[in-house]
Amino acid sequence: MNLLRTSLKIASIATLSLAFSSVAQANNIFAQVNAFSSCFDKIGQALGCYTLDCGHWYVGGNIGVAHLHDRANPFSDDSVDENGPGGSVVGGYQINSIIGAEIGYTGYTNSREYAGSTLIAKTEHYAVHLAATARYPLFDGWSALGKLGVAYSYAQKMAIATGSAASSSTGNLYWGLGLDYSVTPTIDFIAQFAEARGNRSTGSSDLWSLGVVWALV
(Lines give C-alpha, C1' and ligand atoms only; values in the text may rest on other atoms or scores of the structure.)
Protein backbone atom coordinates (compact mmCIF):
# COMPACT_ATOMS: atom_id res chain seq x y z
CA MET A 1 0.00 0.00 0.00
CA ASN A 2 2.80 2.43 0.91
CA LEU A 3 4.55 1.60 -2.35
CA LEU A 4 1.34 2.34 -4.28
CA ARG A 5 0.91 5.70 -2.51
CA THR A 6 4.52 6.61 -3.21
CA SER A 7 4.12 5.70 -6.88
CA LEU A 8 0.96 7.81 -7.14
CA LYS A 9 2.72 10.79 -5.54
CA ILE A 10 5.64 10.48 -7.95
CA ALA A 11 3.26 10.20 -10.92
CA SER A 12 1.31 13.25 -9.71
CA ILE A 13 4.47 15.30 -9.29
CA ALA A 14 5.71 14.27 -12.75
CA THR A 15 2.35 15.16 -14.29
CA LEU A 16 2.31 18.57 -12.60
CA SER A 17 5.90 19.22 -13.68
CA LEU A 18 5.05 18.31 -17.26
CA ALA A 19 1.97 20.55 -17.15
CA PHE A 20 3.96 23.51 -15.79
CA SER A 21 6.65 22.91 -18.43
CA SER A 22 4.03 22.86 -21.19
CA VAL A 23 2.49 26.09 -19.89
CA ALA A 24 5.93 27.72 -19.77
CA GLN A 25 6.67 26.64 -23.33
CA ALA A 26 3.29 27.88 -24.52
CA ASN A 27 3.85 31.22 -22.81
CA ASN A 28 7.26 31.48 -24.47
CA ILE A 29 5.74 30.77 -27.89
CA PHE A 30 2.99 33.34 -27.30
CA ALA A 31 5.61 35.87 -26.22
CA GLN A 32 7.61 35.30 -29.41
CA VAL A 33 4.48 35.58 -31.57
CA ASN A 34 3.49 38.80 -29.79
CA ALA A 35 7.00 40.21 -30.25
CA PHE A 36 6.92 39.39 -33.98
CA SER A 37 3.43 40.86 -34.29
CA SER A 38 4.54 44.02 -32.49
CA CYS A 39 7.55 44.35 -34.79
CA PHE A 40 5.33 43.79 -37.85
CA ASP A 41 2.92 46.47 -36.58
CA LYS A 42 5.77 48.96 -36.10
CA ILE A 43 7.00 48.39 -39.65
CA GLY A 44 3.45 48.87 -40.93
CA GLN A 45 3.03 52.08 -38.93
CA ALA A 46 6.31 53.45 -40.29
CA LEU A 47 5.34 52.67 -43.89
CA GLY A 48 1.79 53.84 -43.30
CA CYS A 49 3.08 57.38 -42.73
CA TYR A 50 3.69 57.80 -46.46
CA THR A 51 1.86 55.01 -48.30
CA LEU A 52 -1.44 53.14 -48.16
CA ASP A 53 -1.73 50.70 -45.26
CA CYS A 54 -4.77 48.87 -46.58
CA GLY A 55 -5.53 46.24 -49.19
CA HIS A 56 -5.51 47.55 -52.77
CA TRP A 57 -4.73 46.59 -56.37
CA TYR A 58 -1.93 48.27 -58.29
CA VAL A 59 -0.41 48.49 -61.76
CA GLY A 60 2.97 49.70 -62.91
CA GLY A 61 5.65 49.78 -65.56
CA ASN A 62 9.46 49.81 -65.73
CA ILE A 63 12.01 50.61 -68.42
CA GLY A 64 15.74 50.12 -68.28
CA VAL A 65 18.73 48.08 -69.37
CA ALA A 66 18.48 44.33 -69.95
CA HIS A 67 21.44 41.99 -69.53
CA LEU A 68 21.18 38.66 -71.38
CA HIS A 69 23.14 35.47 -70.82
CA ASP A 70 22.33 33.22 -73.75
CA ARG A 71 23.95 29.96 -74.87
CA ALA A 72 26.08 30.51 -77.96
CA ASN A 73 25.00 29.09 -81.31
CA PRO A 74 27.14 26.21 -82.69
CA PHE A 75 30.30 27.48 -84.46
CA SER A 76 29.91 30.88 -82.80
CA ASP A 77 32.69 32.44 -80.76
CA ASP A 78 30.30 34.94 -79.19
CA SER A 79 29.40 34.36 -75.51
CA VAL A 80 26.04 36.14 -76.01
CA ASP A 81 26.55 38.24 -72.90
CA GLU A 82 25.15 41.61 -73.90
CA ASN A 83 23.10 44.60 -72.82
CA GLY A 84 20.19 46.37 -74.44
CA PRO A 85 16.84 48.02 -73.74
CA GLY A 86 14.16 46.21 -71.79
CA GLY A 87 10.97 46.88 -69.91
CA SER A 88 8.21 45.34 -67.86
CA VAL A 89 4.58 45.79 -66.90
CA VAL A 90 3.22 44.54 -63.58
CA GLY A 91 -0.05 44.22 -61.73
CA GLY A 92 -0.70 42.99 -58.24
CA TYR A 93 -2.43 43.17 -54.91
CA GLN A 94 -0.91 44.93 -51.90
CA ILE A 95 -2.25 43.23 -48.75
CA ASN A 96 -0.98 46.08 -46.58
CA SER A 97 1.91 48.54 -46.68
CA ILE A 98 4.43 45.69 -46.17
CA ILE A 99 3.53 42.60 -48.21
CA GLY A 100 1.84 41.86 -51.51
CA ALA A 101 1.87 39.67 -54.60
CA GLU A 102 2.28 40.51 -58.27
CA ILE A 103 2.33 39.12 -61.78
CA GLY A 104 4.38 40.72 -64.52
CA TYR A 105 5.65 40.51 -68.09
CA THR A 106 9.20 41.52 -69.04
CA GLY A 107 10.45 41.97 -72.59
CA TYR A 108 14.20 41.96 -73.22
CA THR A 109 16.38 43.10 -76.07
CA ASN A 110 17.20 40.51 -78.74
CA SER A 111 20.55 38.80 -78.26
CA ARG A 112 22.81 38.39 -81.31
CA GLU A 113 25.55 35.95 -82.19
CA TYR A 114 28.42 36.45 -84.60
CA ALA A 115 30.98 34.33 -86.37
CA GLY A 116 33.75 36.85 -86.76
CA SER A 117 31.90 39.94 -87.99
CA THR A 118 29.00 38.02 -89.54
CA LEU A 119 25.66 37.92 -87.73
CA ILE A 120 24.55 34.28 -87.71
CA ALA A 121 21.67 34.20 -85.22
CA LYS A 122 19.45 36.36 -83.06
CA THR A 123 17.20 35.40 -80.16
CA GLU A 124 14.02 36.96 -78.79
CA HIS A 125 13.53 36.81 -75.02
CA TYR A 126 10.67 37.41 -72.60
CA ALA A 127 9.59 36.24 -69.15
CA VAL A 128 6.38 36.14 -67.12
CA HIS A 129 6.74 36.11 -63.35
CA LEU A 130 4.58 35.51 -60.28
CA ALA A 131 6.15 36.73 -57.05
CA ALA A 132 5.58 37.76 -53.45
CA THR A 133 6.72 41.29 -52.61
CA ALA A 134 7.86 42.90 -49.37
CA ARG A 135 8.90 46.37 -48.29
CA TYR A 136 10.84 47.68 -45.32
CA PRO A 137 10.91 51.39 -44.33
CA LEU A 138 14.21 53.26 -44.52
CA PHE A 139 13.74 57.04 -44.22
CA ASP A 140 11.70 59.97 -45.56
CA GLY A 141 9.43 57.99 -47.88
CA TRP A 142 12.13 55.57 -48.99
CA SER A 143 11.78 51.83 -48.43
CA ALA A 144 13.67 48.70 -49.44
CA LEU A 145 11.86 46.42 -51.88
CA GLY A 146 12.24 42.67 -52.35
CA LYS A 147 10.57 40.17 -54.70
CA LEU A 148 10.73 36.37 -54.76
CA GLY A 149 8.83 33.92 -56.91
CA VAL A 150 8.90 31.93 -60.13
CA ALA A 151 9.26 32.95 -63.77
CA TYR A 152 8.36 31.38 -67.09
CA SER A 153 11.21 32.26 -69.45
CA TYR A 154 10.89 31.94 -73.23
CA ALA A 155 13.48 32.30 -75.98
CA GLN A 156 13.21 31.87 -79.74
CA LYS A 157 16.42 31.67 -81.75
CA MET A 158 16.48 32.28 -85.51
CA ALA A 159 19.38 31.41 -87.79
CA ILE A 160 19.99 34.31 -90.17
CA ALA A 161 21.28 32.23 -93.10
CA THR A 162 18.47 29.67 -93.20
CA GLY A 163 15.63 31.52 -91.46
CA SER A 164 14.97 28.44 -89.35
CA ALA A 165 13.85 29.04 -85.79
CA ALA A 166 13.88 27.02 -82.59
CA SER A 167 12.29 27.93 -79.29
CA SER A 168 12.74 26.89 -75.69
CA SER A 169 11.06 27.68 -72.39
CA THR A 170 11.53 26.89 -68.73
CA GLY A 171 10.17 27.67 -65.27
CA ASN A 172 12.69 28.83 -62.72
CA LEU A 173 13.52 31.28 -59.93
CA TYR A 174 12.56 34.95 -60.14
CA TRP A 175 13.91 37.50 -57.67
CA GLY A 176 14.42 41.23 -57.37
CA LEU A 177 15.80 43.92 -55.07
CA GLY A 178 15.27 47.64 -55.20
CA LEU A 179 14.28 50.95 -53.67
CA ASP A 180 10.76 52.37 -53.46
CA TYR A 181 10.02 56.07 -53.03
CA SER A 182 6.46 57.07 -52.15
CA VAL A 183 5.67 60.33 -53.96
CA THR A 184 2.08 60.22 -52.68
CA PRO A 185 0.15 57.51 -50.83
CA THR A 186 -0.93 56.13 -54.24
CA ILE A 187 2.12 56.76 -56.48
CA ASP A 188 5.56 55.20 -56.01
CA PHE A 189 8.79 55.48 -57.97
CA ILE A 190 10.71 52.21 -58.21
CA ALA A 191 14.40 51.53 -58.91
CA GLN A 192 15.14 47.82 -59.05
CA PHE A 193 17.19 44.91 -60.29
CA ALA A 194 15.30 41.74 -61.22
CA GLU A 195 16.45 38.43 -62.65
CA ALA A 196 14.54 35.60 -64.33
CA ARG A 197 16.71 32.50 -64.13
CA GLY A 198 16.69 30.31 -67.21
CA ASN A 199 18.48 27.24 -68.49
CA ARG A 200 21.14 26.54 -71.12
CA SER A 201 18.58 26.96 -73.90
CA THR A 202 16.75 30.10 -72.76
CA GLY A 203 19.57 31.82 -70.91
CA SER A 204 19.00 34.05 -67.90
CA SER A 205 17.68 37.59 -68.20
CA ASP A 206 18.37 40.57 -65.93
CA LEU A 207 16.70 43.97 -65.91
CA TRP A 208 18.02 47.13 -64.25
CA SER A 209 15.12 49.55 -64.39
CA LEU A 210 13.24 52.62 -63.20
CA GLY A 211 9.46 52.67 -63.01
CA VAL A 212 6.23 53.91 -61.51
CA VAL A 213 3.50 52.06 -59.59
CA TRP A 214 -0.06 53.37 -59.20
CA ALA A 215 -2.44 52.19 -56.48
CA LEU A 216 -5.97 51.60 -57.80
CA VAL A 217 -8.22 53.10 -55.13
Side-chain angles (χ1 to χ4, degrees), residues 40 43-44 47 51-52 55-72 79-113 122-138 142-157 165-182 187-216:
F40 196 81
I43 294 173
L47 281 170
T51 191
L52 292 179
H56 62 273
W57 296 95
Y58 67 87
V59 295
N62 298 59
I63 57 172
V65 177
H67 179 210
L68 302 171
H69 327 263
D70 189 23
R71 185 176 66 171
S79 65
V80 195
D81 183 4
E82 61 183 270
N83 299 318
S88 66
V89 290
V90 298
Y93 186 77
Q94 196 69 29
I95 298 172
N96 53 35
S97 59
I98 305 171
I99 57 175
E102 74 173 30
I103 186 171
Y105 169 88
T106 305
Y108 305 95
T109 186
N110 292 346
S111 61
R112 292 171 170 79
E113 299 171 37
K122 63 179 181 179
T123 305
E124 298 178 357
H125 303 261
Y126 74 79
V128 177
H129 72 266
L130 179 64
T133 66
R135 294 196 299 171
Y136 186 85
L138 298 175
W142 291 91
S143 56
L145 175 66
K147 299 181 179 183
L148 183 64
V150 294
Y152 169 81
S153 297
Y154 176 86
Q156 183 179 59
K157 181 174 292 186
S167 63
S168 181
S169 61
T170 186
N172 214 322
L173 175 70
Y174 175 87
W175 67 278
L177 291 174
L179 291 173
D180 181 306
Y181 179 71
S182 296
I187 299 177
D188 290 356
F189 284 157
I190 305 292
Q192 71 173 14
F193 167 82
E195 180 181 63
R197 292 279 181 89
N199 57 25
R200 284 179 56 82
S201 297
T202 64
S204 293
S205 307
D206 305 336
L207 182 66
W208 300 83
S209 64
L210 297 174
V212 181
V213 171
W214 294 271
L216 303 179

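All residue numbers refer to positions in the sequence shown, counting from 1.
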Non-hydrogen atoms of [X] and [Y] that approach each other most closely:
X	Y	value
T106	S88	OG1-CB, 3.4 Å
Y174	A131	CD2-CB, 4.0 Å
S153	A196	OG-CB, 3.8 Å
L68	T109	CD1-O, 2.8 Å
Y58	Y93	CE2-N, 3.7 Å
A215	L52	CB-CD1, 3.8 Å

Between D188 and R135, is the side-chain contact (heavy atoms from CB on, under 4.5 Å) condition met? List the steps.
CA-CA 12 Å; D188 290 356; R135 294 196 299 171; 3.0 Å; yes
From [atom1] ([X]) to [atom2] ([Y]), nearest 0.5 Å:
X	Y	atom1	atom2	value
E124	K157	CD	NZ	13.0 Å
L145	F193	CG	CZ	13.5 Å
L207	E195	CG	CD	11.0 Å
N110	H125	CG	NE2	7.0 Å
L177	Q192	CG	CD	9.0 Å
S97	H56	OG	NE2	9.0 Å

Taking everything shown except [X] itself, do over 12 heavy atoms lie less than 6.0 Å from its [atom1]?
X	atom1	result
Y105	OH	yes
I63	CD1	no
W208	CH2	no

Residue list, ring pair (Phe, Tyr, Trp, His ring centres under 6.0 Å) with Y108, at least two apart or on another chain
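None.
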Give the C-alpha distance, both sets of side-chain angles, the deciding distance and a yes or no for side-chain contact (heavy atoms from CB on, under 4.5 Å) between L210 and F189.
CA-CA 7 Å; L210 297 174; F189 284 157; over 6 Å; no
Quick check: do R197 and W175 have side-chain heavy atoms less than 4.5 Å from each other?
yes
Which of parallel (below 30°), tilted (30 to 60°) and perpendicular (above 60°) describes W142 and Y181?
tilted
Tell me which one of L47, T133, T51 satisfies side-chain contact (heavy atoms from CB on, under 4.5 Å) with I98.
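So, applying the side-chain contact (heavy atoms from CB on, under 4.5 Å) to I98 and each of L47, T133, T51, only L47 qualifies.
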So does G198 get a backbone contact from the side chain of S204, meaning a donor-acceptor N/O pair under 3.5 Å?
yes
When you measure from the side chain of E102 to the backbone of A132, do you find a donor-acceptor pair of N or O atoms at a distance under 3.5 Å?
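Such a contact is absent between E102 side chain and A132 backbone.
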Applying side-chain contact (heavy atoms from CB on, under 4.5 Å), run through N172 and N199 and close with a yes or a no.
CA-CA 8 Å; N172 214 322; N199 57 25; 5.6 Å; no
